[in-house]
Amino acid sequence: MRVGRFQVEIFSDGILRLDGGAMFGIVPKALWDREKPADERNRVALDMNCLLIRDGAGNVVVVETGAGPKLTARSQEIFGIDEPPRLLGELARRGVRPDEVTLVVNTHLHFDHAGGNTYRDGEKLVATFPRASYVFQRLEWVDANAPNERTRGSYFADDYAPLEAAGKLELIDESVEILPGIRLDRIQGHTRGTQTVRVSDAGETLFFSSDFMPDRHHLRLPWIPAFDLFPLETLAAKKAILPRAVSEKWIVGFTHDLPRFGRILERDGKLRFDEVAE
Ligand SMILES: [Zn+2]
């Protein structure tokens, strides 16, 4: 997908399976199961999407790194991850080697977004992208390093703690233009430190949702995951962002939908995701 001078691609690191009830919050199963059928363990299949953004001036940005190669067999079984991670293969297919990536952005530090940040090399954990800085919100870093009983199951320190020791962290606060044309905005909802990504040039904007709106089904305002720590703030963010996405004709990519871009169209007060060809 071309956005002015940027080349932006979306691909999936693989499939993750999460409980459908948790994914759709207060929405009755009779409604969500029609949109996304559950398996025999009541789980729905979700892609773990990543972006590759190239600006033609030497900046190579990876947004999200999927579940990565470090999950135990038990975690893989629980989360229904039954294939090896695709991230590095997808980058290679696009002609990008790990040492060519200059910046890694995680929308937040849950294992299905940050798992590919590091890998195990013998006894050591090392950064997957040796030349890159890794950017997250400072609040996300704080919360990931002090998880509580509710959040512990989603944060695996091996995905991010080694980056600090390696001097590869770039912590930001609130809204930052991290590179010319690439904005990160904190949106409290899913976690305190979740951030969205916006790429803009030549009058076009591409928006990557983060988990405050993980797929097209969550365009409906009350469809908010039970995972969200601040559901009413997710609701407020959707009310603020969705009208802009519609009126400014943003190209939108979701974290856990099919790895496709689309635009959000409004008809009779209902929002719909209309895929566009890459
Ligand atoms: Zn997620």
Side-chain angles (χ1 to χ4, degrees), residues 10-25 27 32 35-36 38 42-51 62-71 75-76 78-83 85-87 90 104-118 134-137 139-141 143-144 147 150-160 184-197 207-219 223-231 233-234 237-238 241 252-260 273:
I10 188 167
F11 55 84
S12 172
D13 180 59
I15 298 287
L16 161 84
R17 292 176 174 83
L18 296 178
D19 183 82
M23 206 56 204
F24 294 107
V27 179
W32 63 254
E35 309 282 344
K36 229 167 153 63
N42 206 46
R43 300 175 307 183
V44 291
L46 307 165
D47 273 290
M48 293 178 280
N49 291 332
C50 310
L51 299 185
V62 170
V63 179
E64 314 287 52
T65 60
K70 307 185 300 302
L71 288 178
S75 290
Q76 287 180 46
I78 290 170
F79 296 116
I81 298 174
D82 43 25
E83 283 176 48
R86 296 185 206 148
L87 171 67
E90 292 286 353
V104 175
V105 175
N106 296 137
T107 61
H108 59 300
L109 291 172
H110 285 170
F111 73 91
D112 55 321
H113 298 256
N117 284 354
T118 61
Y134 286 69
V135 185
F136 349 109
Q137 290 282 328
L139 282 175
E140 185 67 11
W141 174 254
D143 289 349
R150 169 88 192 265
T151 63
R152 190 163 286 148
S154 307
Y155 289 120
F156 299 156
D158 285 353
D159 296 340
Y160 45 85
L184 304 175
D185 292 289
R186 184 174 79 87
I187 293 194
Q188 180 157 305
H190 185 55
T191 66
R192 274 206 305 171
T194 290
Q195 59 186 351
T196 60
V197 181
F207 176 74
F208 187 62
S209 66
S210 84
D211 274 4
F212 95 95
M213 206 165 53
D215 68 22
R216 68 189 73 190
H217 309 302
H218 294 85
L219 291 172
W223 292 49
I224 295 172
F227 296 115
D228 285 19
L229 300 177
F230 306 93
E233 292 181 62
T234 298
K238 285 162 82 166
I241 290 170
V252 171
F254 294 106
T255 40
H256 291 304
D257 207 304
L258 297 172
R260 311 264 166 74
F273 183 64

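Order of appearance sets the numbers: ligands from 1, and atoms from 1 within every ligand.
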Ring pair (Phe, Tyr, Trp, His ring centres under 6.0 Å) partners of Phe24, counting only residues at least two apart: Trp32, His218, Trp223
Partners passing side chain to side chain donor-acceptor pair (under 3.5 Å) against Thr196 (at least two apart in sequence or in another chain): none
Expected output: side-chain Asp159 to main-chain His110 donor-acceptor under 3.5 Å: no
Sphere of radius 2.8 Å around the Zn ion (ligand 1) - protein N, O or S atoms inside: Asp112 OD2, His113 NE2, Asp211 OD2, His256 NE2
Any Lys36 side-chain heavy atom under 4.5 Å of Leu46 side chain: yes
Salt bridge present between Asp143 and Arg192 (N-O < 4.0 angstrom): yes
Residue pairs involving residues 14-24 (criterion salt bridge (Lys or Arg N to Asp or Glu O under 4.0 Å); sequence neighbours excluded): Arg17-Asp82
